[in-house]
Amino acid sequence: MLKEVEPINFIEEEINKDLSSGVRTYVQTRHPPEPSGYLHIGHVRNIVLNYGTAERYGGVCNLRYDDTNPTKESQEFVDSIQNDVLWLGYKWNKIYYATDYFQQNYEVAVKLIKEGKAYVCDLSPEELSKTRGTLTEPGIESPYRNRSVEENLKLFEEMKEGKFPAGSHTLRAKIDMASPNMNMRDPVIYRIQYIHHHRIGDKWKIYPSYDFSHPLDDCLEGVTFSICGPEFEDHRPLYNWVVENSGVKNKSRQIEYNNLYLKGTILGKRNIKKLVNEGKVSGFDDPRLFTLAGLRRRGVLPESLKNFVNTVGISKVNTAVFEQAYLDYFIRETLNQKSRRVMAVLDGVKLVITNYNKLEEEVFTKDYPQIEGNTSTHKHYFAKELLVERSDFMKEPLPKFHRLFVGNEVRLSGAYIIKCTGFDEDENGNVTTIYAEYDPNTLSGTEGANRKVKGTIHWVNPAHCKKVVCRLYENLVMEEDSEAVEGNEADTDGIQLNPNSKTELSNCYAEDIDFNFEDRYQFVRNGYFALDKDSTNDCLVFNRTITLKDGFKLPKNN
RNA sequence: AGGGGUGUCGCCAAGUGGUAAGGCACAAGACUUUGACUCUUGCAUGCGUAGGUUCAAAUCCUGCCACCCCUGCCA
């Protein structure tokens, strides 16, 4: 069912033009990953564009693996891609593989040969390269360019049967060796390969090139709009040549849009693989990676990623390079809405409330204070001895610091206002115990609680909490290398990785509630956390997805 | 004069001849039992640049300049 759509980007404008002029009558797209690596954030926009555009127009999008190069591909990657697409919330109409079309590709190749539009070339890779010409000089025609149709047919058949060694022969489209567009200088459309294919085994000895199979498969599959990256702009004339000369009825149109990079992140399948293979990260789902698997494990929600790319939009500018702060905004935005609020002390120091003499007392805090009307709460136990965050106390407070220091009042979240009266320290000057007195009239929820104090801090009762592990993350790439790492093809060899990119704190204390893998938590004032798969029944492991935005900047100490 | 593509605020991005949307970032303020969130306000006399056409130009024309992609039997 075709829908009328108010265009939200230039691709949809182009689609609308074709639709209203009748050149094309429906919208069908395809998501064509090569199964040669894990999907990363740079791929999300392509996924949203292909699945999303089809959806908007009431059309379909197929997942088609571009698996025409067995040297780089594997089943592991095939599986991970499906997993990631589903996680993002998209569902393909059908799954295809470029290899599904090998027979049809082959038949079109034979047709081209019969029409004198393709020929078998015996040039070696080196010779071919030499005769291609340069950016400013035309190429030289192959000596095999004018073989007879019969000879071409026979040779191509022999290539198919495996009678020639790899690299010895290719099938080339006969176009124009003098074309200013390098892609049109009799491009190779078939090559010989004897590598075992992860899916079709050793069945085929000849493999079509991307430039030949992709447009053909698009047309055969019924795709009308083939949305791809800017690097294929120069290939469009060849794409159209294949479409026009293959005899297919449905004619797909290629539309290119710009790339997106995230500043200071290592993207690019090859570079990510290198980090994994060299053990610099724990795997493709290391939370420091910007693979979808990594982001997922870190606790990022798919909605954030989709909001991010949709808000970013698309254009044709060379490359859109984004500050990570932009992505961070969307990660926080959804987490803020969905996270349950829980208190956890990551680096604790003992707090003794000297004038508190009850054994303990129940207090309650809201689970989702950010959701209006949600009244669900959970219980804490207030007591004489608590644990507070070490960083919430200063022996000598800096200006504008309004947390704990001797003489200052703060509220213990959900409980009482206390006044700091003193502290103990060890021989190294490390604070070991903080002392305070509480104001019994200020319990949250009572009238006396209306008294305002500038600071509110979180706490945990050591007698009623879970000891947990928290993993905190920083960028893998150091600030100074952030530019060097830009782009999918960046050379990351000389990059010094951040030694502090992962910090594991194993003495953290969280409230004693039931944590689960599906939910997201805000450890109040410490950031958003998600349970990691390394958790066991005895030991919960949390990943900090992201910190809270920190509006408080300590003044320079001078 | 090899070809193709792109230049609008620090980063993205609308704009399609009628007088520069929006988001992020940033700044100031309000609110706040999270220094979060939310709210309010500010943030391009300017659209790579130089000319031209027009009552009117980011939008049309011409010339420059800058950046990106292309010389795989990768995708």
Side-chain angles (χ1 to χ4, degrees), chain A residues 9 13 32-34 36 66-69 71-73 98 121 123-125 128-130 132-139 166-172 179-185 187-193 206-207 209-211 213-214 228-237 256 258-260 263 269 308 311-323 325-330 332-333 336-337 341 343 365-366 369-370 400-403 410-415 417 442 444-445 449-450 452-458 487 522-527 547-553:
Chain A
N9 57 45
E13 279 173 18
E34 184 190 17
S36 59
D66 243 321
D67 59 344
T68 56
N69 183 8
T71 61
K72 300 197 294 181
E73 301 157 7
C121 180
L123 256 25
S124 69
L128 206 163
S129 172
K130 246 180 253 167
R132 195 180 340 262
T134 68
L135 295 178
T136 53
E137 300 157 46
S168 62
H169 298 260
T170 55
L171 185 70
R172 293 224 264 164
S179 172
N181 182 343
M182 301 297 285
N183 297 300
M184 300 299 268
R185 319 245 261 228
V188 168
I189 57 175
Y190 263 96
R191 75 273 198 188
I192 300 171
Q193 293 203 95
I206 50 173
Y207 280 78
S209 60
Y210 168 90
D211 281 319
S213 69
H214 202 94
C228 66
E231 67 272 30
F232 294 110
E233 215 145 21
D234 285 337
H235 294 243
R236 191 174 349 114
E256 313 86 14
N258 64 339
N259 275 144
L260 169 159
K263 212 170 187 172
K269 292 174 176 175
F308 169 64
T311 308
V312 155
I314 59 166
S315 71
K316 303 265 292 180
V317 294
N318 299 334
T319 299
V321 181
F322 286 87
E323 313 282 340
Y326 199 20
L327 208 213
D328 289 348
Y329 172 82
F330 293 96
R332 290 191 183 106
E333 187 189 39
N336 178 232
Q337 273 309 303
R341 307 287 130 121
M343 293 198 280
T365 57
K366 287 186 171 181
Q370 76 281 22
K400 289 188 180 170
F401 180 82
H402 43 248
R403 304 175 203 169
V410 298
R411 172 173 291 281
L412 290 177
S413 184
I417 291 173
T442 56
S444 290
N450 294 332
K452 304 286 182 220
V453 286
K454 278 193 172 163
T456 299
I457 63 171
H458 56 97
Q522 187 197 98
F523 288 171
V524 177
R525 302 210 299 133
N526 269 322
T547 59
L548 258 30
K549 187 175 172 179
D550 191 3
F552 173 60
K553 295 177 178 70

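These values consider heavy atoms only, across backbone and side chains, with no hydrogens, waters or symmetry-generated copies. By convention in this document, chain letters (A, B, ...) are assigned in the order of the sequence lines, proteins followed by strands, and residues within each chain are numbered from 1.
- Here, B:A58 and B:G17 have their C1' atoms 10 Å apart, quoted to the whole Å.
- Under the Watson-Crick or G-U wobble criterion, with both distances below 3.5 Å, B:A27 is paired with B:U41.
- Taking all atoms of both residues into account, the shortest heavy-atom contact from A:Arg191 to A:Thr68 is NH2-O, 3.3 Å.
- Residues forming a ring pair (Phe, Tyr, Trp, His ring centres under 6.0 Å) with A:Tyr207 (at least two apart in sequence, or on another chain): A:Phe102.
- A distance of 4.0 Å separates CG in A:Leu128 from CZ in A:Arg172, rounded to the nearest 0.5 Å.
- No engagement by A:Asp328 is indicated, since no non-hydrogen atom pair under 4.0 Å with the nucleic acid exists.
- Under the Watson-Crick or G-U wobble criterion, with both distances below 3.5 Å, B:A66 is paired with B:U6.
- Distance A:Lys400 NZ to B:G35 C1': 11 Å, rounded to the nearest Å.
- Taking 4.0 angstrom as the limit, A:Lys549 places a side-chain polar atom (N or O) nearer than this to OP1 or OP2 of B:C26.
- The distance from atom CG of A:Leu260 to atom P of B:C24 is 17 Å, rounded to the nearest whole Å.
- Using a 4.0 Å heavy-atom distance criterion, A:Gly445 is classed as a base contact.
- Checked against B:A13, B:A36, B:U32, the side chain of A:Arg341 finds its nearest nucleotide in B:A36.
- A donor-acceptor pair under 3.5 Å is absent between the side-chain atoms of A:Glu256 and the main chain of A:Cys228, judged by distance alone.
- Of the possible donor and acceptor atoms, none in the side chain of A:Ser36 sits under 3.5 Å from a partner among the backbone N and O of A:Lys72.
- As rounded to whole Å, 11 Å separates atom P of B:C11 from atom CZ of A:Phe322.
- Judged by distance alone, the side chain of A:Arg332 and the main-chain N or O of A:Thr547 form a donor-acceptor pair under 3.5 Å.
- Across the protein-nucleic acid pair, A:Leu412 atom CG and B:U34 atom P stand 13 Å apart, rounded to whole Å.
- Distance A:Leu327 CG to B:C24 C1': 11 Å, rounded to the nearest Å.
- Between B:C74 and B:C11, the distance separating the two P atoms is 38 Å to the nearest Å.
- Nucleotide B:G72 carries a syn base; the chi torsion (O4'-C1'-N9-C4 or O4'-C1'-N1-C2) is within 90° of 0.
- A:Val453 comes within 4.0 angstrom of no nucleic acid atom, judged by non-hydrogen atoms across all strands.
- Distance check on atom P: B:C68 versus B:C12 gives 14 Å, rounded to whole Å.
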Open item on the list: What does the B/S/- profile of nucleotides 68-75 of chain B look like, 5' to 3', with a 4.0 Å heavy-atom cutoff to protein?
Closed with: SBBBSBBB
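- For A:Ala325, whose side chain is taken as the heavy atoms from C-beta onward, the closest listed nucleotide among B:G35, B:A25, B:G7 is B:A25.
- For A:Ser413 and B:U34, the shortest distance from a side-chain N or O to OP1 or OP2 is not below 4.0 Å.
- A distance of about 10 Å separates the C1' atoms of B:G7 and B:C47, rounded to the whole Å.
- Between the CD atom of A:Glu323 and the C1' atom of B:C11 there is a distance of 5 Å, rounded to whole Å.
- Using a 30° and 60° split on the angle between ring planes, A:His235 and A:Phe232 fall in the perpendicular class, above 60°.
- Between B:G42 and B:G4, the two C1' atoms lie 42 Å apart (nearest whole Å).
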- [ ] Evaluate the side-chain contact (heavy atoms from CB on, under 4.5 Å) criterion for residues A:Phe308 and A:Leu260: first the C-alpha distance (whole Å), next the side-chain angles of each, then the deciding distance (0.1 Å), finally the verdict.
- [x] CA-CA 11 Å; A:Phe308 169 64; A:Leu260 169 159; 4.2 Å; yes
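- Residue A:Arg403 places none of its side-chain N or O atoms closer than 4.0 Å to OP1 or OP2 of B:G35.
- Atoms NZ (A:Lys263) and P (B:G10) sit 12 Å apart, rounded to a whole Å.
- Rounded to whole Å, atom C1' of B:C12 lies 18 Å from atom NZ of A:Lys316.
- Residue A:Val524 is classed as a base contact, given a heavy-atom separation below 4.0 Å to a base.
- At B:C12, none of the side-chain N or O atoms of A:Tyr326 fall inside 4.0 Å of OP1 or OP2 (strictly under the cut-off).
- Of the P atoms belonging to B:U45 and B:G10, the separation is 11 Å, rounded to the nearest Å.
- Nucleic acid contact for A:Glu333: none, since no nucleic acid atom lies under 4.0 Å from a heavy atom of the residue.
- No donor-acceptor pair under 3.5 Å is formed between the side chain of A:Arg341 and the backbone N or O of A:Thr365.
- Distance noted for atom P between B:A21 and B:A44: 10 Å (whole Å).
- A:Gln370 comes within 4.0 angstrom of no nucleic acid atom, judged by non-hydrogen atoms across all strands.
- B:G72 and B:G15 have their C1' atoms separated by 41 Å, given to the nearest Å.
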